[in-house]
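Since the structure comes first, as structure tokens, the remarks are kept for the end.
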Amino acid sequence: MSLFLSVVPVSEAVATVHRLAGLVPHETVPLAEACGRVLAADVHADVDIPGFTRSVMDGYAVRAADTTGAGDAVPAMLTLRGRILMGKTADQPVKPGECCYIPTGGILPEGTDAVVMAENTEPFGDNILVKKPVAHNENVLQYNEDFKKGETVLSRGRRLSAQDVGILAAVGCADVPVTRKPKIGILSTGNELVPVTEIPRIGQVRDVNSYVIAAFVRDHGCIPVTYGIVRDDRATFEAALARAVGECDAVLISGGSSKDDRDMAAAVIAQRGEVLIHGVAIAPGKPTIIGRCGTIPVIGLPGHPAATFIVIVVIVRHLLDDMTGSAAPEPVTVTAKLAMNVPSTKGREDYIRVSVRDGIATPLFGKSGLLNTLAKSNGVIRIPAESEGIETGRQVEIILW
């Protein structure tokens, strides 16, 4: 069987992984463990927030009209009528020409509609001199201005940040519905590979890709499950793939996708399931495999680390985000001026590593087996399949790492 060189566009490869991805089941976790997880259902405010009109500054609750025209030369003088204690309401309304000390978060007393910051005032006997006017509702958070009861505060698919955890606490969401973290099996294939703890001999290289892939998988809210180095032996590879498929929600294979007699990944995937794509019009990363074993997506990645990284950024991330239910934002981009000509082959998408500094993007040309271009780069430029390159001086969009 030879499907290699039946090359498809990147858009078709991405569409295929979208179809393969299955959303994993939901689970509930304690609020303290929710950061970084993907929300599985909308969360609504259980109460009005805030449930009262409150100050957002330390200062004095006033009628805004009483401060009109106030300044350093001619301050407004208001009679001080005590202090507001945290969590307590005022004993009586504040009358025109009066003010009341109020801490941040204090309940705004009846009769007032603004707060003067403490630094814009000066005590004068039993009075307060206001040296700067305030407008109606200035330095005040109105009743239910933050969230109304029943309002959606966080939507399904959101990857929860530390700030989000605070919002969940504010609406009483102690048990958070999230998607289970998918388990992603990672197989590194090749007789030339040795563990990172060994000194490579002639013809050997350390296993880099399994660590790159595992870090990327973890960063996208999944659990990497590594199966070690798999030698180029059909029976060994079949056993490793069968185990991974049986234990994981998806499998990523590093190496074994080239058209070579010793590379059997596509044949084994086809034997156990179906190869949907073997060859994508992307450079680096052309020999990518996309298939499935039963319902489990299986993707064969190139063996060279730079090519592997491009493919997981451009294609695999869609699979991971779909499985977690993450409404992930598009990658962060910036624009910069290209420092030199970048040629490209029409009919394929080229991803060129670049170093961006002071608005200038310098291409880092190198073969896909080179690691130094990953270390020196902080992004890539995408050259569309219909283009034959980009000229020096053009403004280009950089996808940042």
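Nothing here was measured: the structure is a model prediction, and the numbers come from that model. Basis for what follows: all heavy atoms, side chains included, without hydrogens, waters or symmetry-related copies.
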Do Thr152 and Asp42 have a side chain donor and acceptor closer than 3.5 Å? no

Hydrogens and angles aside, do Asp322 and His18 bring a side-chain donor and acceptor to less than 3.5 Å of each other? yes

Side-chain (Arg206) to main-chain (Pro200) donor-acceptor, under 3.5 angstrom: no

N/O donor-acceptor pair under 3.5 Å between Asp66 side chain and Pro96 backbone: no

Would you say the side chain of [Y] lies within less than 4.5 Å of the side chain of [X], judging by non-hydrogen atoms?
{"X": "Asp58", "Y": "Tyr101", "value": "yes"}
{"X": "Ile229", "Y": "Pro195", "value": "yes"}
{"X": "Val134", "Y": "Lys132", "value": "no"}
{"X": "Val176", "Y": "Leu160", "value": "yes"}
{"X": "Arg180", "Y": "Asp249", "value": "yes"}

Count the heavy atoms of every other residue, nucleotide or ligand shown that sit under 6.0 Å from [atom1] of [X], and state whether that count exceeds 12.
{"X": "Phe52", "atom1": "CZ", "value": "yes"}
{"X": "Tyr211", "atom1": "OH", "value": "no"}
{"X": "Arg231", "atom1": "CZ", "value": "yes"}
{"X": "Gln92", "atom1": "CD", "value": "no"}
{"X": "Arg234", "atom1": "CZ", "value": "yes"}
{"X": "Arg243", "atom1": "CZ", "value": "no"}
{"X": "Glu110", "atom1": "CD", "value": "no"}
{"X": "Arg382", "atom1": "CZ", "value": "yes"}

Test side chain to side chain contact (heavy atoms under 4.5 Å, CB included) applied to Tyr60 and Leu80, Val130, Ile102, the passing residue: Leu80

What pair of heavy atoms forms the shortest contact from Phe147 to Ala45, and how long is it? CB-CB, 4.1 Å

Heavy-atom closest contact (Gly87 atom, Ile107 atom, distance): C-CD1, 4.2 Å

Carboxylate-amine/guanidinium contact Lys183 Glu247, below 4.0 Å: no

Which pairs count as salt bridge (Lys or Arg N to Asp or Glu O under 4.0 Å) when at least one residue sits in residues 265-275, sequence neighbours excluded? Glu274-Arg292

